[in-house]
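Bear in mind the structure is a predicted one, so any value in this text is a computation, not a measurement.
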Amino acid sequence: WCRICDPVQQEKICQSDQFSVILSASQPRSSRPLARGTLIPMLIRLGYDIQFETVGEVPIVTLLNVHPSRRKDLREPDELHTDPLVNVENYEDSFGNHGCRLVAPPGKIRFQNSTLIEDSGQPDLVDLDAAEVPVDRLPLNVLPYLMSSRYCEVDLLSNTAVELFCNAPKGWNRVQAVCDWVYQKVSFGYEFANPIRTALGVYTERVGVCRDFQHLAITFCRALNIPARYATGYLGDIGVIVAPSPMDFSAWFEVYLGNRWWTFDARHNVRRIGRVVVATGRDATDCAITTSFGKARLICFQVVTDAVQKS
């Protein structure tokens, strides 16, 4: 019996023709800056079809619901549906994510959902003047995001971070310098998925999947006294050229600058449209889409992230 954190499985599942990932993109948008206050609201169809095969009863917890911070943008119910029907207990975890707990019966179990969310239609926000906050002035609940965690060994990469980024301008530009370095130095590939690779491993091996890029960037930021946390959620090919490799639930990270959290993405290193957060935490351990406390074999994994016409 083992505990399975499925973000690693879903990275691997993208390689297999046995499983399909459903995604679509809107037409690429102009890079011309919008006038202040201009919004291009859009609707995005979100959903998933995830199936497991179990031997005996297996407790499972999920982080599949849209993050509470985006709940106000939902235009349809966001509920976990199971087949066969089992009791689902909703809860909020210690990081503020919407979780569900259930017991899967022996045999096959299916998790499904389809919901609609409204989005601004604009890329991730930018504030080049966002400043670093001294550690002694940080909110107490932000302090844990300066510490080492399972996949982010701040102590082992502190000297490296200082050597690489000590001359970068503080604040937003320093975080961007971290993203630029990780994006340029690390090679992406689903064949590089490794459930035990940490930030130090990414730094030495220079390969990884999306979560590895974020773990290394998070570790560098924390080593520079910039709070950083891991994030996962929906990120379709909206407003960009469709990538040859499939995308589903993706990973990015957030940093605390100027007394708020900001989105960065060391994997893509561009501001993206239609990002919908599902969970945040110290690293991927805290943001597993599903965690099974027993033997549960993943047999189907489909995700929908569709930009739809607003009526």
Between Glu153 (side chain) and Ser148 (backbone), is there a donor-acceptor pair under 3.5 Å? no
If you group Ile, Leu, Val, Met, Phe, Trp and Tyr whenever their side-chain heavy atoms sit less than 4.5 Å apart, what else falls in with Val142? Phe95, Val133, Val135, Leu138, Leu140, Leu143, Tyr145, Leu146, Tyr256, Trp261
For Arg275, run the side chain to side chain donor-acceptor pair (under 3.5 Å) check against Asp265, Asp119, Thr263 and tell me which one passes. Asp265
Over all heavy atoms of both residues, which pair between Cys210 and Phe188 is shortest? Give the atoms and the distance, please. N-CE1, 3.5 Å
Smallest separation among heavy atoms of Leu298 and Gln51, with atom names: CD1-O, 3.5 Å
Side chains of Gln176 and Asn269 only: does a donor on one sit below 3.5 Å from an acceptor on the other? yes
Does Thr305 reach the main-chain N or O of Asp237 with its side chain, forming a donor-acceptor pair under 3.5 Å? no
Do the side chain of Asn97 and the main chain of His67 share a donor and acceptor less than 3.5 angstrom apart? no
State plainly whether one hydrophobic cluster holds both Val270 and Phe264, where clusters connect Ile, Leu, Val, Met, Phe, Trp and Tyr through side-chain heavy atoms under 4.5 angstrom apart. no
Are Ser149 and Asp283 linked by a side-chain donor-acceptor pair shorter than 3.5 Å? yes
Do Leu63 and Tyr234 land in one hydrophobic cluster if side-chain heavy atoms of ILVMFWY residues count as linked below 4.5 Å? no
Residue pairs passing the ring-ring contact (aromatic ring centres under 6.0 Å, His included) test where at least one lies in residues 191-221, sequence neighbours excluded: Tyr151-His215, Phe165-Phe220, Trp181-Tyr203, Trp181-Phe220, His215-Tyr230
Evaluate the criterion side chain to side chain contact (heavy atoms under 4.5 Å, CB included) for residue pair Arg101 and Ile60; output intermediate values, then yes/no. CA-CA 6 Å; Arg101 180 172 64 175; Ile60 297 176; over 6 Å; no
Which atom pair, heavy atoms only, marks the closest approach of Ile218 to Cys152? CG2-SG, 3.9 Å
Please give me the minimum heavy-atom distance between Phe301 and Val303, naming the atom from each residue. CE2-CG2, 3.6 Å
Any side-chain donor paired with an acceptor under 3.5 Å for Asn87 and Glu89? no
Audit row: Glu132, Lys170, salt bridge (Lys or Arg N to Asp or Glu O under 4.0 Å) steps and yes/no: CA-CA 7 Å; Glu132 296 178 22; Lys170 288 188 175 183; 5.2 Å; no
